[in-house]
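Presented below is the structure to which this report refers.
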Amino acid sequence: MGIKNLMKLIQASAPAAVKEITLKELLGRKVAIDASMTIYSFLVAVRSSSDGAPSANLTNEAGEVTSHLQGIFSRTIRLMEHGVRPVYVFDGKPPTLKSGELAKRKEAKEKAKIDLEAAQARIAAAGEDDAEAAKEAVAEAEKLAKRTVHMQGSHQEEAKHLLRLMGVPVVEAPCEAEAQCAALAKAGVVWAAATEDMDTLCFGTPRLLRRLTFSEARKLPVWEISLPKLLADLGLSMDQFVDVCILCGCDYLEPLKGIGPVKALERVRKHGDLAAVIEALREEGKVPVPEGYPIDEALRLFHEADITDPETLRGDIKWTAPDEAGLVEYLVDQKGFNADRVRNAIERLKKARAKGGQKRMDSFFTMGAKAKAAPAAKKGAAKPKSAAAKPARRTSASVKAGAAAAAAAAAAAASSAGTASPVAAEPSGAVVAAPSTGPASPAATPAEGPAGRSAPEAAATPAPVFFAASRPKPAASKRSSEDMDSAETSKAKRAK
DNA sequence: ACTCTGTCTCCAGACGAT
DNA sequence: TGAGACAGAGT
DNA sequence: ATCGTCC
């Protein structure tokens, strides 16, 4: 998922765009989190094993899975104890261009399921006499079981319910959660998007946080990736950056053989935009480009992603007091959680809420400064930026010399939105001018027109051809060629 | 020499007691 | 799924 | 720091 090798490219060509940050820098900050991905990772990771058997998810007495609830509950509290204010963003319907990718995952998952059954059969067959074989089979079943994890609508609904009881805001995106997260960050409704999915940069989040999971200090540090800085260091406009990402390979479009991150960057710099790159490749004939390769569609998905206007959500994004009785009823009575632990956690949550609610120190400063010296300075800073940004946008057509201007614009954006300064009049100060992305605000779609986008599965158009839904397997390899091609992604949609 | 591809392997949470 | 390490092929 | 437990 995401953009192939994008992190590698960044580390090689724009390392300064990535910064390690400390938890202090997150105090009081609102961050948008992709809920599906989070839930999925808990379903995979939170398991317990009972002697000999492959591990399984945590469940209550009725056999309902609770791993995701356990995970969300404790992580959210922990985040808030560090003063972070999380907003969980849930997926809506995946775009049809993605159906190829989704079909692929589904297929891989089904294969894993078959292998899993085989492994389970072997466990049974090995029985007591052959402890070695049994152990091996269990280990294999273990791996396969994780690949067959699939998230269900019910998991999402349960997570939403839990979060609402906790007083933590939930956003339901019309389509891709990543796009919504980015839109929220771009609009200044939240300070950053926290996700492992690099796609979010393509959707225009000015800040991306990676590895925001901390189990205290023992884990890896949090990374902050700054989009303006990234654009400046790569010398690309926002549109060109998206072009590069599409060439590298994204969820919407199969990458071209022979084009990796290096060549993608090189080509876009040389030709100016994606269409020109494709045209050149076709002329050269070296790299085969499929007929009807749907770059326009892919571009549209990034530039005009289906999202709910962040401004309409701003007012609803609030952290309220937890519903204590509701939490106990839900977690303890319904899901079988330990009552003491839950009560204890609720206490932590209440304290944590106060912490995140405090205003950041530096926002006092900024606001104070604004109040006094502001009007003039503010205008001064803001004006030139947008002026500089203008010419750089609308790249699509030609623009070659545009690159330089774009870089300048990006640099300007970087210095104002930048990671350098603690910045961010977070509370309501919007801030962060979205880097010179395409046309103004992406089409705000009426959140969920009950009538509007109804046609539920009807839209399940046949997958475009660009993902060989079933890629013929070279019968070659030996041993476990079967499970080589893994399954499932962190973002299993409900699918079916 | 550089870039890309394919293969392989390990990994994926958080807490609390010790 | 991913991400890192490595070998190997194509340029 | 490691390891068993959470449900």
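Order of the sequence lines fixes the chain letters, A, B, ..., with proteins taken first and strands second; residue numbering starts at 1 for each chain.
For the pair R29(A) and W191(A), the cation sits on the ring face: its NZ or CZ lies under 6.0 Å from the ring centre, inside 45° of the axis. Judged by a 6.0 Å distance limit and a 45° cone about the ring axis, R85(A) is positioned over the six-membered ring of W319(A).
The shortest distance between side-chain heavy atoms of E158(A) and L69(A) falls below 4.5 Å. Between D34(A) and Y88(A) there is no side-chain heavy-atom pair separated by less than 4.5 Å. Side chains of R348(A) and E81(A) form a contact here, defined as non-hydrogen atoms less than 4.5 Å apart.
Protein atom OH of Y330(A) is 14 Å distant from nucleotide atom P of dC7(D), rounded to whole Å. Here the C1' atom of nucleotide dA12(B) and the CG atom of D34(A) are 16 Å apart, to the nearest Å. For the pair M37(A) CE and dA12(B) P, the interatomic distance rounds to 17 Å; values are reported in whole Å. Here dC4(B) presents its P atom at 9 Å from CG of L9(A), a figure rounded to the nearest Å. Separating the CD atom of Q70(A) from the P atom of dC15(B) is a distance of 10 Å, rounded to the nearest angstrom. Taking atom NZ on K4(A) and atom C1' on dC4(B), their separation rounds to 11 Å, with Å as the unit. Taking atom CD1 of residue I77(A) and atom C1' of nucleotide dG16(B), one finds them 15 Å apart after rounding to whole Å. Straight-line distance from the CZ atom of F42(A) to the C1' atom of dC6(D): 13 Å, rounded to whole Å.
To the nearest whole angstrom, the two P atoms, one in dG13(B) and one in dG4(C), are 15 Å apart. Atom P of dA12(B) sits at a distance of 14 Å from the matching atom of dT2(D), rounded to the whole Å. Taking the P atom of each, dC3(D) and dC11(B) are spaced 14 Å apart, rounded to whole Å. dT18(B) and dC7(D): their C1' atoms are spaced 23 Å apart (whole Å).
Within the nucleic acid shown, G71(A) has no heavy atom closer than 4.0 Å to any nucleic acid atom. Backbone-only contact: N338(A) has heavy atoms under 4.0 Å from sugar-phosphate atoms and none from a base. Using a 4.0 Å heavy-atom cutoff across all strands shown, S74(A) reaches sugar-phosphate atoms only and no base atom. Residue contacts shown for K335(A) are limited to sugar-phosphate atoms, with no base heavy atom under 4.0 Å away. The residue V262(A) sits close only to the backbone: its heavy atoms come under 4.0 Å of sugar-phosphate atoms, none of a base.
The V44(A) side chain lies nearest to dA12(B) when the options are dC7(D), dG13(B), dA12(B). Closest contact between the side chain of A45(A) and the listed nucleotides dT5(B), dA14(B), dA12(B) involves dA12(B). Side-chain proximity of K257(A) to the nucleotides dG6(B), dA14(B), dG16(B) is greatest for dG6(B).
Taking side-chain N and O atoms only, R78(A) has a distance below 4.0 Å to OP1 or OP2 of dC15(B). The shortest distance between the side-chain N/O atoms of R348(A) and the OP1/OP2 oxygens of dC15(B) is below 4.0 Å.
Ionic pairing of R269(A) and E266(A) is not present here: no N-O contact between side-chain nitrogen and carboxylate oxygen is shorter than 4.0 angstrom. For the pair E284(A) and R267(A), the salt-bridge criterion is met [side-chain N within less than 4.0 Å of a carboxylate O].
Under the Watson-Crick or G-U wobble criterion, with both distances below 3.5 Å, dA9(C) is paired with dT3(B).
Comparing G258(A) and S48(A) against DNA chain B, the residue whose closest nucleotide sits nearer the 5' end is G258(A). Comparing R341(A) and P261(A) by the nucleotide of DNA chain B that holds the closest heavy atom to each, the one mapping nearer the 5' end is P261(A).
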Output one line per pair: protein atom, nucleotide atom from nucleotides 9-11 of chain C, and distance, for all N/O pairs under 3.5 Å.
none

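The aromatic rings of H155(A) and H68(A) sit perpendicular, their planes meeting at an angle over 60°, well past the 30° parallel limit.
If you run side-chain contact (heavy atoms from CB on, under 4.5 Å) between V289(A) and each of I259(A), V277(A), I278(A), only I278(A) comes through.
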